[in-house]
Peer 1: 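The structure under discussion is supplied below as structure tokens; questions concerning it will follow.
What you see below is based on every heavy atom in this structure, not just the backbone, and it leaves out hydrogens, waters and symmetry mates.
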Amino acid sequence: MSLDQPRVAMLSVHTSPLDQPGVGDAGGMNVYITDLAQALARRGAQVEIFTRATSSRQPEAVPMADGVLVRHVPAGPYEGLDKNELPGQLCAFAAGVLRVEAARRPGWYDVVHSHYWLSGQVGWLAAERWDVPLVHTMHTLAKVKNAALAPGDRPEPRGRIIGEEQVVAAADGLVASTAEEASDLVRLYDADPADVHVVAPGVDLELFHPDLGERSSGAPSRLLTTRELDAARARARVALGLPLDDDVVLFAGRVQPLKGPDVLVRALGELRSRGGRLPRLVVLGGPSGNPAALDDLRALAADLGVADRVDFRPPVVRARLARWYRAADLVAVPSRSESFGLVAAEAQACGTPVVAAAVGGLRTVVVDGVTGALVPGHDPRQWASALAGLLGDQGRRAALGVGAAHHARRLGWESAAEAVVGVYDLCRRRTPSRATA
């Protein structure tokens, strides 16, 4: 049985695809689920995304797009629950998911696709109950994260590690964003290599592209010129009220130790100690995990004497985020761990070079010397040198911008959705019925 147009139960327990990325627990995974679901629906799939209700005012179901429905499942108190407290609500969440399916005719869903280990625990139960394959995407791995902790950051608890190991063992298929993540699943979690499938996430190229003027729409099909990218940057800066003659480095994402914004602030401090002109660092995002994370970062900037060169902005909707990418001279991604690096991919699609830590999926997304630069570590001195080197070499930076825009044209979501449907189909054919196992 081919699953060309599958009915997919997609699970995202701890964060909703409707949430604003860049604050709290909402980040690249939210964007991934949103864009994948819509790309699957464009292929004819029917996708229902189950997520935990966080307000009594949320409707039971919200259409996201044609063929995509978001269902809010009550599980525990609507507010005040930390992500680490959610394991105690998985039974309630699972009951809500099973209740929806019970109102359908038997065999309604063709596949369960869970995201993050909490969802995998629920997906494990639902897939067995419905006798369908469980496909799982981890997004982050506790063992990898714990091996690259920021100073003072807390390691992921043993309960999560055990939960991840159980999901890996239960899943019929595991979707990894990069070959490195696939290797981590096999090496650290004893995954069967035959169950692991590498599918690179996509980028919404209708949103994230170099803005070539009023008549442009989507990613251009030709190689751009540096003059066109310079003009696009100027238009974006005028729209955002940024000075045209300033060097702008953008950090876009959640403010937490894992994402490393402190590395950039310390790099500014290092540049100040060396003398010369400092770039403007724009921090576009909200706190995650620690409500005081922004205050702590502001205090660090003040202690290092660079508070006047750090501009804190709240997270923005994706169309405006694309404008910020275009306005920047460089987008910096100093994450200590990253399974893929969606910010880097989106920025490159807008024609802006990326300076990224040489960790995880960023080593795949950023092509060193072609679309940006990789920094081997998180030493602020190395980051200061990398930023200064690119900001001081306009010709090299322009060439990287052209290379970034050209490289990103291959990152549309349609090919990713096609590959994911192939994983669904393969898992269905390999495990035709759990009941006969």
Side-chain angles (χ1 to χ4, degrees), residues 21 28-29 31-43 45 137 139 175-183 196-212 216-226 228-229 232-233 250 252 318-319 321-323 325-326 328 330-331 333 335 338-374 396-424:
M29 188 180 89
V31 177
Y32 180 109
I33 293 172
T34 297
D35 287 355
L36 174 61
Q38 292 182 358
L40 289 170
R42 288 193 293 271
R43 291 178 49 87
T137 305
H139 293 280
V175 176
S177 294
T178 65
E180 180 167 348
E181 185 185 5
S183 175
V196 183
H197 310 273
V198 178
V199 180
V203 173
D204 185 344
L205 297 178
E206 291 299 312
L207 270 180
F208 300 103
H209 59 83
D211 178 14
L212 302 185
S216 70
S217 176
S221 58
R222 58 179 176 79
L223 196 64
L224 299 175
T225 67
T226 57
E228 286 174 320
L229 290 179
R233 182 173 300 106
L250 175 67
R318 297 173 73 197
L321 176 59
R323 183 170 286 166
Y325 286 145
R326 297 183 194 113
L330 297 171
V331 170
V333 187
S335 302
E338 201 72 67
S339 60
F340 181 65
L342 191 60
V343 164
E346 291 173 346
Q348 290 176 167
C350 291
T352 301
V354 172
V355 181
V359 300
L362 290 170
R363 287 185 287 226
T364 299
V365 175
V366 179
V367 184
D368 195 26
V370 177
T371 69
L374 292 172
R396 181 183 172 210
R397 198 170 67 247
L400 291 175
V402 171
H406 181 69
H407 175 73
R409 290 209 303 256
R410 301 178 296 174
L411 297 177
W413 269 107
E414 305 310 317
S415 58
E418 181 179 0
V420 168
V421 169
V423 174
Y424 295 164

Peer 1: How long is the gap from CZ on Arg323 to CG on Leu207, to the nearest 0.5 Å?
Peer 2: 12.0 Å
Peer 1: Can you name the closest pair of heavy atoms from Gly361 and Thr178 and give their distance?
Peer 2: CA-CG2, 3.8 Å
Peer 1: Over all heavy atoms of both residues, which pair between Ala344 and Val354 is shortest? Give the atoms and the distance, please.
Peer 2: O-CG2, 3.7 Å
Peer 1: Closer than 3.5 angstrom, by distance alone: can the side chain of Glu418 be matched with the main-chain N or O of Glu414 as a donor-acceptor pair?
Peer 2: no
Peer 1: Provide the closest heavy-atom pair for Ala405 versus Gly351 in the form atom of the first, atom of the second, distance.
Peer 2: CB-CA, 3.9 Å
Peer 1: Nearest 0.5 angstrom please: Asp204 CG to Leu411 CG, how far?
Peer 2: 12.0 Å
Peer 1: What heavy-atom pair brings Leu362 and Ser335 nearest, and what distance separates the two atoms?
Peer 2: CD1-CB, 4.4 Å
Peer 1: Is there a side-chain contact between Glu206 and His209 in this structure, where contact means two heavy atoms from C-beta onward sitting under 4.5 Å apart?
Peer 2: no
Peer 1: Roughly how far, to the nearest 0.5 Å, is the CH2 atom of Trp413 from the CG atom of Leu40?
Peer 2: 9.0 Å
Peer 1: Find the distance between CE (Met29) and OG (Ser339) and round it off to the nearest 0.5 Å.
Peer 2: 10.5 Å
Peer 1: With side chains defined as the heavy atoms from C-beta onward, is the minimum distance between Val402 and Leu229 less than 4.5 Å?
Peer 2: yes
Peer 1: Indicate yes or no: does Asp35 engage Arg318 in a salt bridge with an N to O separation below 4.0 Å.
Peer 2: yes
Peer 1: Kindly say whether Ala232 contributes a backbone atom to a donor-acceptor pair with the side chain of Asp211 at under 3.5 angstrom?
Peer 2: no
Peer 1: Keeping to residues at least two apart or across chains, list the salt bridge (charged side-chain N to carboxylate O under 4.0 Å, His left out) pairs with something in residues 348-365.
Peer 2: Glu180-Arg363
Peer 1: Side chains of Val370 and His407: closer than 4.5 Å at any heavy-atom pair?
Peer 2: no
Peer 1: With heavy-atom distances below 4.5 Å as the criterion, would you say the side chains of Val331 and Val343 are in contact?
Peer 2: yes
Peer 1: How long is the straight-line distance from NE2 of His139 back to CZ of Phe340, given to the nearest 0.5 Å?
Peer 2: 12.0 Å
Peer 1: Grab the two heavy atoms, one from Thr352 and one from Ala404, that are nearest each other, plus how far apart they are.
Peer 2: O-CB, 4.1 Å
Peer 1: Can you tell me how far the CZ atom of Arg397 sits from the OG1 atom of Thr226, to the nearest 0.5 Å?
Peer 2: 11.0 Å
Peer 1: Provide the closest heavy-atom pair for Thr371 versus Val365 in the form atom of the first, atom of the second, distance.
Peer 2: OG1-O, 4.2 Å
Peer 1: Is there side-chain contact between Leu250 and Leu330, with heavy atoms separated by less than 4.5 Å?
Peer 2: no
